[in-house]
Amino acid sequence: MKNLLSLAALGATLLVASAFTTVHRSAPGGIADSTVVEPADSTVGIISYFCKHDTVVYQVYENQWKITGGDSLLFVDAALRAMIAVTDSTAEGYEMEYRILETQTGEVAEETPAVKAMNVISRLIGEKLQGLSVRFTLNPYGQVTGFLNEAEVKNLALTTLDEVKDEILKLPEIQAAKEAGINIDEVLKSMGEEQIVAEYLNEVARFFAYHGAEYYIGEQKWYQNPEPGKLACDNYLNISYDPEDGEYGLKVIVDNYIPAETLVKQGQQLFTTLIGDSIAGVIADEMYNKMQQDMVLSDRQQVNYWSNGWPYELLFQKETRYLDRSKLTQTYIVWERYSFQNY
């Protein structure tokens, strides 16, 4: 969930990666479309070979940093334990359950009242949602095909928000945020039940986002020129395979470049809205003199799989870089324990 664990959307990166394989990709968001290619000798197919009662418990760590030069400031530190289990297995695929076992937050550096407010609200909501269960289905390849209890999850989220609202408003961190001029009602509105449900469903889909795909083993690098509606970007795709134990891994890195001219133009549009054309033009000229370097939006995704198609280590990282400053958001997921083939 974004409020607890900021879970990045996969869409653009998956579509870029898919263009440089000869295989089918699952649709953005992890919902399967119709065509799947069987693996060939020189490729790796990410396929689920699950059994009823298979279970994996994961540790999920979410962190956000602000980096200036060589100094870093941690301002989000959250973690949870989650279980994914196969509740039924048929020729049509699998019925699955994702359950939140435990949530926790760590100590972070002193930050603004707004950040403190968001962290404490996320902590309270997370505590209330421990035990949340999302039931969903996979096709035989491991692609998510649907969610079985979405309405139930939505009702739980709505009930939870109603329960914690009064408690939230009494917290000293919230009082400090209100005194700083922050509209807490708007913050709570942005963390509504629809948002909570969407983020939990995305959390589930991310474990299986690459299933049903086939990739050539090895490394690919390419540069994509800017096009209307698309940024210039550097792309990196690495598919590894260990023939001894059958484990395999996928790494995707996409660096999108926002030109300095675009940054200046956006700044000028903002200043034009606020203070008018004439002064905005002067400010834009000054901005252009200072902003001669592109901004980089970097998206890195890395998943390692056991031979049976279960992911055992996942990394999702987004970074915005300009000059010596950056904001880094990272989700790291690793297996804690597992049980397979308990027929």
The criterion is side-chain contact (heavy atoms from CB on, under 4.5 Å); which residues satisfy it with Asp245, sequence neighbours excluded? Asp242, Glu247
In chain order, what residues pass the side-chain contact (heavy atoms from CB on, under 4.5 Å) check against Leu156, with sequence neighbours excluded? Leu129, Leu132, Thr160
Give the ring-plane orientation class for Phe207 versus Tyr58, where under 30° counts as parallel, over 60° as perpendicular and anything between as tilted. tilted
Residue pairs passing the side-chain hydrogen bond (donor to acceptor under 3.5 Å, both in side chains) test where at least one lies in residues 88-97, sequence neighbours excluded: Thr90-Glu92, Glu97-Arg99, Glu97-Ser133
Using every non-hydrogen atom in the two residues, find where Val134 and Leu201 come nearest and quote the distance to one decimal. CG1-CD2, 3.9 Å
Let me see the working for Tyr210 and Gln301 under side chain to side chain donor-acceptor pair (under 3.5 Å), right down to the final yes or no. CA-CA 11 Å; Tyr210 290 98; Gln301 302 183 27; 2.9 Å; yes
Who passes salt bridge (charged side-chain N to carboxylate O under 4.0 Å, His left out) against Glu102, sequence neighbours left out? Arg81
Which salt bridge (Lys or Arg N to Asp or Glu O under 4.0 Å) pairs, counting each pair once, include a residue from residues 133-151, with sequence neighbours left out? none
Applying side chain to side chain donor-acceptor pair (under 3.5 Å) to Asn63 and not counting sequence neighbours gives Asp77
If you measure only the distance, is there a donor-acceptor pair under 3.5 Å linking the side chains of Tyr61 and Gln330? no
Who else is in the cluster with Leu101 when I, L, V, M, F, W and Y are joined by side-chain contacts under 4.5 Å? Val57, Met83
Regarding Tyr236 and Gln220, do their side chains bring together a donor and an acceptor under 3.5 Å, going by distance alone? no
Quickly, which of Val254, Val252, Asp255, Ile253 forms a side-chain contact (heavy atoms from CB on, under 4.5 Å) with Arg300? Name it, please. Ile253
Looking at every heavy atom in both Thr87 and Met96, which two are closest together, and how far apart are they? OG1-N, 3.8 Å
Sequence-distant partners of Asn149, side chain to side chain donor-acceptor pair (under 3.5 Å), two or more places apart: none
Verify whether the ring centers belonging to Tyr248 and Tyr241 lie closer than 6.0 Å. no
The ring-ring contact (aromatic ring centres under 6.0 Å, His included) partners of Tyr338 (sequence neighbours excluded) come to Trp306, Trp335, Phe340
Results of side-chain contact (heavy atoms from CB on, under 4.5 Å) for Glu319 - residues two or more places apart only: Ser298, Arg321, Ser326, Leu328
Mind checking whether Thr320 and Met295 have side chains closer than 4.5 Å, heavy atoms only? yes
Under a 4.5 Å cut-off applied to non-hydrogen side-chain atoms, are Phe208 and Gln143 in contact? no
Ser339 meets the side-chain contact (heavy atoms from CB on, under 4.5 Å) criterion, sequence neighbours left out, with Asn342
Please tell me whether Tyr305 and Glu313 have a donor and an acceptor in their side chains that are separated by less than 3.5 angstrom. no
Of all residues at least two apart in sequence or in a different chain, which pass the side chain to side chain donor-acceptor pair (under 3.5 Å) check with Asp234? Tyr257
